[in-house]
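Excluded from the calculations below are hydrogen atoms, water molecules and symmetry mates; all remaining heavy atoms, backbone and side chain alike, are included. Fair warning: this is a prediction, and the values are worked out from it, not measured in the lab. Every chain is numbered from 1 and lettered A, B, ... according to where its sequence line falls, protein lines coming before strand lines.
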2 protein chains.
Amino acid sequence: MALSRTRIARPVRPPRPAGEKGPQLQAAKAAQTRARLIEATVRCLVKYGYANTTTPKVAEEAGLSRGAMMHHFENGTSLIKSTIAELHEKRLRAFRRAADKPVHEVTDLVETYWRQLQKPAFIAFHELAVAARTDTELASILKPLQDEFSEKFNAQAEQLFPEWAAAPANFALAMTLSQTILEGMAISLQTGAMDEGKVEPMLRHLEGQIAALAPAAPAAVQAAAKPQRMPRRKSS
Amino acid sequence: MALSRTRIARPVRPPRPAGEKGPQLQAAKAAQTRARLIEATVRCLVKYGYANTTTPKVAEEAGLSRGAMMHHFENGTSLIKSTIAELHEKRLRAFRRAADKPVHEVTDLVETYWRQLQKPAFIAFHELAVAARTDTELASILKPLQDEFSEKFNAQAEQLFPEWAAAPANFALAMTLSQTILEGMAISLQTGAMDEGKVEPMLRHLEGQIAALAPAAPAAVQAAAKPQRMPRRKSS
DNA sequence: CAAAAAACAATCATATCTGTCTTTTTGTCA
DNA sequence: TGACAAAAAGACAGATATGATTGTTTTTTG
């Protein structure tokens, strides 16, 4: 899509003359259409990759004309920006949801994050991240969100497992280790650099590692031998 | 670059009427120009990413006209193919060179591979790998080479450290662990998802892990967890 | 109901990349 | 030196993406 060079946005006329009894039904429909377009963008990112995610493809995927699409997002950059924001919030939401679940063992974080990485949102995000390497505009949008995610990821874990506060170095290492291994595996699977069969042992090993790094590790090593209870299925 | 849809290559006329006293100097120059074009392609992949690595950009990077370029590679697909082959052989060459060095400790493999991953060749390769996810033609070219590399990577390590033959499961895990962590870190650094300062601790930890997985592990590193029992892999 | 605004659709002009073709330059050898 | 082929350069048409403009339908609202 190539995020065109920055343009001077012409003055947007006030979307509502006065904020009083404004229309509701139409606004709802517009929001719905915008959401449909954003979802279509994510699907396109997964199907075609960032490079081939063009405005016509997205419009077709959303079942709209390109003209209609440009009505909701005045240019491709705008659409990408909104899509990134949506993906970001979806990641955060998924994490918050996971934190509400009652059972919290050390290894739950691994399982939860691994499941996250199987979903299309991560593929789309990685497409964007790779493109951002050579696209400064895209990078400037993505970078702060990546940092925020990392921060919240750690905060979440820190809050969930307060006992780690005693060993901040180990905690940081465990976090980095988890993110690196899980994301690395997810990418390797996608790009065909890794065999599917190697996933299970790696997950088990990582869980063992985290347990071993835990400060007051009670029967830590045993955790690695725990029967796996996770139905791992590929998300479509 | 988008590797155009497959085309029927028209019959290539025999490059040399008769193989006798054919010109040598000119042929050498042609080979040199081809090499220059391939190098330019790699630089473009690093600078602009796969999507924006276009034939005009490569020609400009090589200091040639596009017409001259098309003389050496009849289409963009051909250029990409040759570039991939060159990158692949370069990776293998670098590994063979590393194997010739006298000192061989367990952690040497980590250091060596990590150094490899810092070079532009890996960035270019990853660009191609990501693009291949949504480009079947590119994937069909890349996949066998990826498999071959994995195979040779393991073979190299197996030959370098024969003592691991006693624990094939641990060996496989150590290999996967190394590749996943190192490649994952390299990508995370490139895409800005990871902080530079976290690299060193991770390298140190990985080395400890490998040492701990080693069969005749003599007093495994303190920081690392004790070697845990790994699921025994079925003999292949 | 009628005007206004939003949603949607269709088209145009521009730009770029691609593959092919033609022309010029350079080097090799009879 | 002059013929000849390779190397290099330039030009062309087809395809596609983009942003902008204009036209049409639907919905809100006075």
> Look at the side chain of B:Asn75 and decide which nucleotide, out of C:dA7, D:dT18, C:dG19, has an atom nearest to it.
C:dG19
> Quick one: which of A:Arg93, A:Arg34, A:Arg36 gives a salt bridge (charged side-chain N to carboxylate O under 4.0 Å, His left out) with A:Glu86?
A:Arg93
> Starting at atom CD of A:Gln32, determine the distance to atom P of C:dA7, rounded to an integer number of angstrom.
12 Å
> In whole angstrom, give the distance that lies between atom CD of A:Glu60 and atom P of C:dC8.
17 Å
> Under 4.0 Å between a side-chain N/O of A:His71 and OP1 or OP2 of C:dC8, yes or no?
no
> Under 3.5 Å, which donor-acceptor pairs do the side chains of residues 178-185 of chain B form with other protein atoms, sequence neighbours left out?
residue: B:Ser178; atom: OG; partner: B:Ala174; partner atom: O; Å: 2.8
residue: B:Thr180; atom: OG1; partner: B:Thr176; partner atom: O; Å: 2.8
residue: B:Glu183; atom: OE2; partner: B:Tyr113; partner atom: OH; Å: 2.4

> I'd like to know if B:Lys143 pairs up with B:Asp147 as an ion pair, taking the criterion as any Lys NZ or Arg NE/NH1/NH2 lying under 4.0 Å from an Asp or Glu carboxylate oxygen.
yes
> Does the side chain of A:His72 get closer than 4.0 angstrom to OP1 or OP2 of C:dC8 through an N or O atom?
yes
> Going by the angle between their ring planes, with limits at 30° and 60°, are A:Phe149 and A:Phe95 parallel, tilted or perpendicular?
perpendicular
> Dump every N/O contact between nucleotides 11-13 of chain D and the protein below 3.5 Å, one line per pair.
none

> Using atom OH of A:Tyr48 as one end and atom P of D:dA17 as the other, report the distance to the nearest whole Å.
11 Å
> Rounding to a whole Å, what distance do you find between B:Arg36:CZ and D:dA7:P?
12 Å
> Looking at B:Thr33, I'd like to know whether one of its side-chain N or O atoms comes within less than 4.0 Å of OP1 or OP2 on D:dA8.
yes
> If we count only N and O atoms by modelled type, under 3.5 Å, do the side chains of A:Thr191 and B:Arg133 hold a donor and an acceptor together?
no
> Using only side-chain N and O atoms of B:Thr54, determine if any of them is under 4.0 Å from OP1 or OP2 of C:dT16.
no
> Between D:dA7 atom C1' and B:Leu64 atom CG, what is the distance in whole Å?
9 Å
> Is the shortest distance from a Lys or Arg side-chain nitrogen in A:Lys152 or A:Glu148 to a carboxylate oxygen in the other one below 4.0 Å?
yes
> Among the nucleotides D:dG19, C:dG19, D:dA8, which one has an atom lying closest to any side-chain atom of B:Met70?
C:dG19
> What is the distance from CZ of A:Phe73 to C1' of C:dA7, rounded to the nearest Å?
14 Å
> Rounded to whole angstroms, how far apart are CG on B:Leu37 and P on D:dA7?
12 Å
> Between P on D:dT21 and CD on A:Glu74, what's the gap in Å once rounded to a whole number?
12 Å
> Using the side-chain heavy atoms of B:Lys57, tell me which of these nucleotides is nearest: C:dC17, C:dC8, D:dA7.
C:dC17
> Give a yes or no on whether B:Glu60 atom CD has more than 12 heavy-atom contacts from other residues, nucleotides or ligands under 6.0 Å away.
no
